[in-house]
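The structure appears right after this line, and notes come after that.
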Protein chains: 2
Amino acid sequence: MRVKEGNKEKDILEAAIKLFAEVGYHKAKISKIAEMAGVAAGSIYLYFEDKEDILLKIFDEIWHRIYLELLKIKNNSNLSPFDKFDAMIDLIFDIYIENPNLAMVFVNEQNHIQRSTPEKFTVFYEKFLLSGEDIIKEGIEKHAFTNNLDINILRQFIFGAIRSLLQHWAIDPKTYPLNKIRQNIKFIIKYGIEK
Amino acid sequence: MRVKEGNKEKDILEAAIKLFAEVGYHKAKISKIAEMAGVAAGSIYLYFEDKEDILLKIFDEIWHRIYLELLKIKNNSNLSPFDKFDAMIDLIFDIYIENPNLAMVFVNEQNHIQRSTPEKFTVFYEKFLLSGEDIIKEGIEKHAFTNNLDINILRQFIFGAIRSLLQHWAIDPKTYPLNKIRQNIKFIIKYGIEK
DNA sequence: TTTATTTTTGAATAGTGGTTCATTATTAAG
DNA sequence: CTTAATAATGAACCACTATTCAAAAATAAA
């Protein structure tokens, strides 16, 4: 009997993340991913259902990680609502800094995957969103955050804005350092633009 | 000599907007657009360079319109900075309400087009962004808006958040009415979440 | 009508690239 | 060493669809 050597699944995933980040999902060829991963094109189909499945597993990985980290923040009773809020934003930025390619795929292809396979996609994403909601809820209950806002809308607003800025940064990284962007985001969300 | 009858270019554009909105750019077939527009597939290539060019012209149209409207707002000296700000947000929502399909393409395919042909894309988009910036600048100069924020980041933040919410709304329109979303957006950006 | 010119057609083309599968390589067990 | 079972290969397949182009249709001018 033969046993799988090395970690081809991981190699393929990493190659895919890199290529998706560079050229986007649609222009990334399976043959190229295989080449980058050092396997034959056909071998990809031993580890993944099809091309879409690769993207799906990438998203699974990242959302799972984000979710677990957010859970820690949420359950840390030493943090004030605003501390938690800051930590949540830092979390997303940290992941971005740690693995820009992964983050790039994450911001660019979210639409695509949400459209094409909403049912498979939602597992960890939903969990993440709910945890984010909990943090906001706590802030409102403790009278730190305004109660004039709908939680759902607020959640979508915050993550949408962050995603948009990260995307923009990825296209043109030299205009602003990520830390300045992060700091501005925190300020706007907390205090708004009114002087 | 023969003369072009009807307005095939417009028919094709409208069909494309509808189909792109429904199934997305990549899954929209030229043959289907042709069928919906009531022309032969080959005829599309009399009016457009290629498939991408159709999308490009759609974006041209919408950005041009938004830009012209925003210019009116910007130059209306009867409006306070906050009035202008509100009008700017209303403008985007009004276009969305007036032609949801067009708006759908606008929020969904912006990434794609910005990636694939950034140079052709930027004409009206840049103009629009600059006008938006001017409105914010005026607010800061008149001491209505905080001067703690970078204009560029703020601009990206605002439009990113709006886009994200509209996209969300398009997927699931029944959860919230657009007016509630609009009102929440205005509130967050003005006052932030701090109580 | 006839001719010239331009528009429109849609079947044929052509290139792409995801996916399959017969074959080969590799390893473990007997 | 032989056999069995699984892993890996990559050329061939095939479905799909954007694009082309030779022919036909429509219109204006002569």
Side-chain angles (χ1 to χ4, degrees), chain A residues 1-59 105 108-109 112-113 115-117 120-121, chain B residues 1-60 105 108-109 111-113 115-117 120-121:
Chain A
M1 200 186 64
R2 189 185 178 184
V3 151
K4 289 181 185 178
E5 7 121 1
N7 197 338
K8 294 215 166 51
E9 178 167 352
K10 199 180 156 219
D11 293 344
I12 294 166
L13 269 180
E14 278 171 5
I17 287 170
K18 196 160 177 223
L19 194 61
F20 288 165
E22 274 168 20
V23 304
Y25 176 77
H26 278 103
K27 289 190 179 167
K29 299 178 203 165
I30 290 284
S31 56
K32 184 73 183 173
I33 294 173
E35 184 199 317
M36 290 168 73
V39 301
S43 300
I44 289 180
Y45 292 85
L46 300 173
Y47 297 91
F48 302 91
E49 297 260 318
D50 50 25
K51 191 180 171 185
E52 189 99 3
D53 189 41
I54 303 176
L55 192 59
L56 213 60
K57 291 210 171 120
I58 292 174
F59 272 88
V105 177
N108 281 328
E109 313 298 344
H112 168 71
I113 201 149
R115 249 181 187 243
S116 60
T117 49
K120 289 186 190 171
F121 173 60
Chain B
M1 201 186 63
R2 191 184 177 187
V3 152
K4 290 182 183 176
E5 6 121 4
N7 195 338
K8 294 212 166 54
E9 179 167 353
K10 198 179 156 219
D11 293 344
I12 294 166
L13 269 180
E14 278 172 3
I17 288 170
K18 196 162 178 221
L19 194 60
F20 289 165
E22 274 168 19
V23 303
Y25 175 77
H26 279 102
K27 289 190 179 166
K29 298 178 204 164
I30 290 284
S31 56
K32 183 74 184 174
I33 295 173
E35 184 199 317
M36 290 168 73
V39 301
S43 300
I44 289 181
Y45 292 85
L46 299 173
Y47 297 91
F48 301 91
E49 296 260 317
D50 50 24
K51 192 180 170 185
E52 189 99 2
D53 189 43
I54 303 175
L55 192 58
L56 212 60
K57 292 213 172 116
I58 291 173
F59 272 87
D60 248 23
V105 177
N108 281 329
E109 313 296 345
N111 285 354
H112 168 72
I113 202 147
R115 250 182 187 245
S116 60
T117 49
K120 290 186 190 171
F121 172 59

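Residue numbers begin at 1 in each chain, while the letters A, B, ... track the order of the sequences.
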- prompt: Given D/dA7, is OP1 or OP2 found less than 4.0 Å from the side-chain N or O atoms of A/Tyr47?
  reply: no

task: Nearest whole angstrom, please: distance from the C1' of C/dT20 to the CG of A/Asp50.
output: 13 Å

Helix axis bend for the helix from C/dT1-D/dA30 to C/dG30-D/dC1 - C1'-based end axes, five pairs, 10° rounding: 10°

statement: For A/Lys10, the salt bridge (charged side-chain N to carboxylate O under 4.0 Å, His left out) test, sequence neighbours excluded, returns A/Glu14

statement: With sequence neighbours left out, the residues meeting salt bridge (charged side-chain N to carboxylate O under 4.0 Å, His left out) with B/Asp53 are B/Lys57

Check: residues 16-25 of chain A side-chain donor-acceptor pairs under 3.5 Å, at least two apart:
unit_1  : atom_1 : unit_2  : atom_2 : d
A/Tyr25 : OH     : A/Glu52 : N      : 3.1
A/Tyr25 : OH     : A/Glu52 : OE1    : 3.3

message: Whole angstroms only, please: what is the CG-P distance between A/Leu46 and C/dC21?
response: 13 Å

Hey, what are the protein-to-nucleotides 15-17 of chain C N/O distances that come in under 3.5 Å?
unit_1 : atom_1 : unit_2  : atom_2 : d
C/dG17 : OP2    : A/Lys29 : NZ     : 3.4

- prompt: Which residue pairs pass the salt bridge (Lys or Arg N to Asp or Glu O under 4.0 Å) test with at least one member in residues 35-49 of chain B, sequence neighbours excluded?
  reply: B/Lys32-B/Glu35

query: OP1, OP2 of D/dC21 versus side-chain N and O of B/Tyr45: anything below 4.0 Å?
result: no

message: So A/Ile54 and A/Ile44, do their side chains get closer than 4.5 Å, heavy atoms only?
response: yes

message: So which atom in A/Tyr45 and which in A/Asp50 form the shortest heavy-atom distance, rounded to 0.1 Å?
response: CE2-CA, 3.9 Å

query: To the nearest Å, how far apart are B/Glu9 CD and C/dT7 C1'?
result: 15 Å

Separation of atom CD1 in B/Ile44 from atom C1' in D/dT20, rounded to whole Å: 14 Å

field: Counterpart residues, side chain to side chain donor-acceptor pair (under 3.5 Å), relative to B/Asp11 (two or more places apart)
entry: none

Could you list, one pair per line, each protein nitrogen or oxygen that sits under 3.5 Å from a nitrogen or oxygen of nucleotides 10-14 of chain D, together with the distance?
unit_1 : atom_1 : unit_2  : atom_2 : d
D/dG10 : N7     : A/Gly42 : N      : 3.2

- prompt: Who passes salt bridge (charged side-chain N to carboxylate O under 4.0 Å, His left out) against A/Lys27, sequence neighbours left out?
  reply: none

